[in-house]
2 protein chains.
Amino acid sequence: MSGGLDKGTEKQILDAAYKVIIQKGKQGARMQEIADVAGVNKALLHYYFRSKDKLYEAVLQNALTEIFKHVTSNVDFSLPFKDLLASFIRNHIHAIREGGDILKFFLSEVWTNKDELVPKLREFLQTADGSLPKLFQARVKKAVKDREIRNVEPFHLLMNVISLDVFFHIVGPLFFMMMNVPKLYQKKLESDRTDQVIEFVWEAVRYRER
Amino acid sequence: MSGGLDKGTEKQILDAAYKVIIQKGKQGARMQEIADVAGVNKALLHYYFRSKDKLYEAVLQNALTEIFKHVTSNVDFSLPFKDLLASFIRNHIHAIREGGDILKFFLSEVWTNKDELVPKLREFLQTADGSLPKLFQARVKKAVKDREIRNVEPFHLLMNVISLDVFFHIVGPLFFMMMNVPKLYQKKLESDRTDQVIEFVWEAVRYRER
DNA sequence: GTCTATACCAAGATAGAC
DNA sequence: GTCTATCTTGGTATAGAC
């Protein structure tokens, strides 16, 4: 019913679908639950998005956009490498935290649903700005030549930075549980994380006279 | 039918379930497919394991055992820290590769199915040998005092090592695709990975006169 | 555009013959 | 223990009234 504070039924449904599907994955999500969360009738989902597949596609599109919005956040490649690294990591970790559960969702779906998801991802990347990795690679090579850092393979470095950021975000909570880390100490470890990573990476790569 | 090369129907079913569920997750797995893979009738799944839930539990138990078998592989904590680190990482990466797809499965399921999985994990850890992290922590602290390495937080270090190992294993292929890395270069990056990680971590933590 | 009712089907589970 | 046939549930999808 068109109550006063209506934000458009279609968007309402899409938002609800987003929430539910991100949590439970494609298989786990139920049309009924999406309808409930949206506060509308189940039949309306089919009215606006013909099928679950279509709805899922729409959600995927949103999620991808959301992620890349953060990732592409501007990095100043003219900074000294140390500062570049720090700002890159800060941006990146910040983006990960902003992104909420999307990353977990992707890691989840990529595995169980890769036949559908990987082509979609590929397609999306065609249109997206793919220059970041290239710029990063070039900058690393320059830094090596200028003796800002030791000779490291750009791919591995990028991989390392992303690993350190993303993996902690995803598995950290589980890890805390497994190791019985007290709540208070968890907080400390979490807030220290960014600086720890920056220091770790920088120490790992910085150039040293021999 | 009790054909000659029968390895026991129950085990046959369990093996099939393991394969299918690891690939598709709990929600995605179909009893029919499991039956097909096992080469038996669907009804037999219910005969041996009353329900899908029970079957899932059995698979989970197996997967957990499988993972921890590798993880607990003996590490010699009396080695110099540099060598310890190298052997730890080598063991770890090796275990990850041996473990095949189990890790991906867990990362997947932990997100979509955490209400069921996390308690199970907790319970399993009660019985498992939880001494490894403690030993590692103690060894790190000693290494700091002995000036083998700079002052690093043991938790972060352990987290870092695991991140670098596991994340690459899981996301690497996706990454290659996204960055359009040629097949041949992929191979090289993969085989270089272990040594790269060892060097990266060691450079990051080693003690240096100032 | 939104609802109710219902068709349709796939998947988990059971009964009962062999 | 193993099969066929069948029940039941629950989820997607559609028809049709309002």
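Naming convention: chains lettered A, B, ... in sequence-line order (proteins, then strands); numbering from 1 in each chain. Basis for what follows: all heavy atoms, side chains included, without hydrogens, waters or symmetry-related copies.
Shown for residues 48-56 of chain A: residues whose heavy atoms fall under 4.0 angstrom of DNA chain D, namely S51(A), K52(A). Scanning residues 17-46 of chain A for heavy-atom distances under 4.0 Å to DNA chain C yields N41(A), A43(A), L44(A).
Under the 30°/60° scheme for interplanar angles, the aromatic rings of Y56(A) and F105(A) are found to stand perpendicular. Ring-plane geometry between H156(A) and F168(B) is classed as tilted, the angle between the planes lying from 30 to 60 degrees on a 0 to 90 degree scale.
Put simply, the side chain of Q186(B) reaches to within 4.5 Å of the side chain of K183(B), judged on heavy atoms.
The distance from atom CD1 of I13(B) to atom P of dG1(D) is 11 Å, rounded to the nearest whole Å.
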Discussion item. Apply side-chain hydrogen bond (donor to acceptor under 3.5 Å, both in side chains) to residues E66(A) and N62(A) and explain how you reach the verdict.
Written reply: CA-CA 6 Å; E66(A) 183 66 20; N62(A) 270 23; over 6 Å; no

Item to complete: Take K188(B) and D192(B) through the test salt bridge (charged side-chain N to carboxylate O under 4.0 Å, His left out) and record every step on the way to the result.
Response: CA-CA 6 Å; K188(B) 179 177 157 40; D192(B) 288 352; 2.7 Å; yes

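Salt bridge K26(B)/D53(B): present, at least one basic N to carboxylate O contact under 4.0 Å. Using a cut-off of 4.0 Å between Lys/Arg side-chain N and Asp/Glu carboxylate O, K114(B) and E109(B) are scored as not salt-bridged.
Under the salt bridge (Lys or Arg N to Asp or Glu O under 4.0 Å) criterion, the residue pairs touching residues 194-203 of chain B are R150(A)-E199(B), R90(B)-D195(B), E203(B)-R206(B), E203(B)-R208(B), with sequence neighbours excluded.
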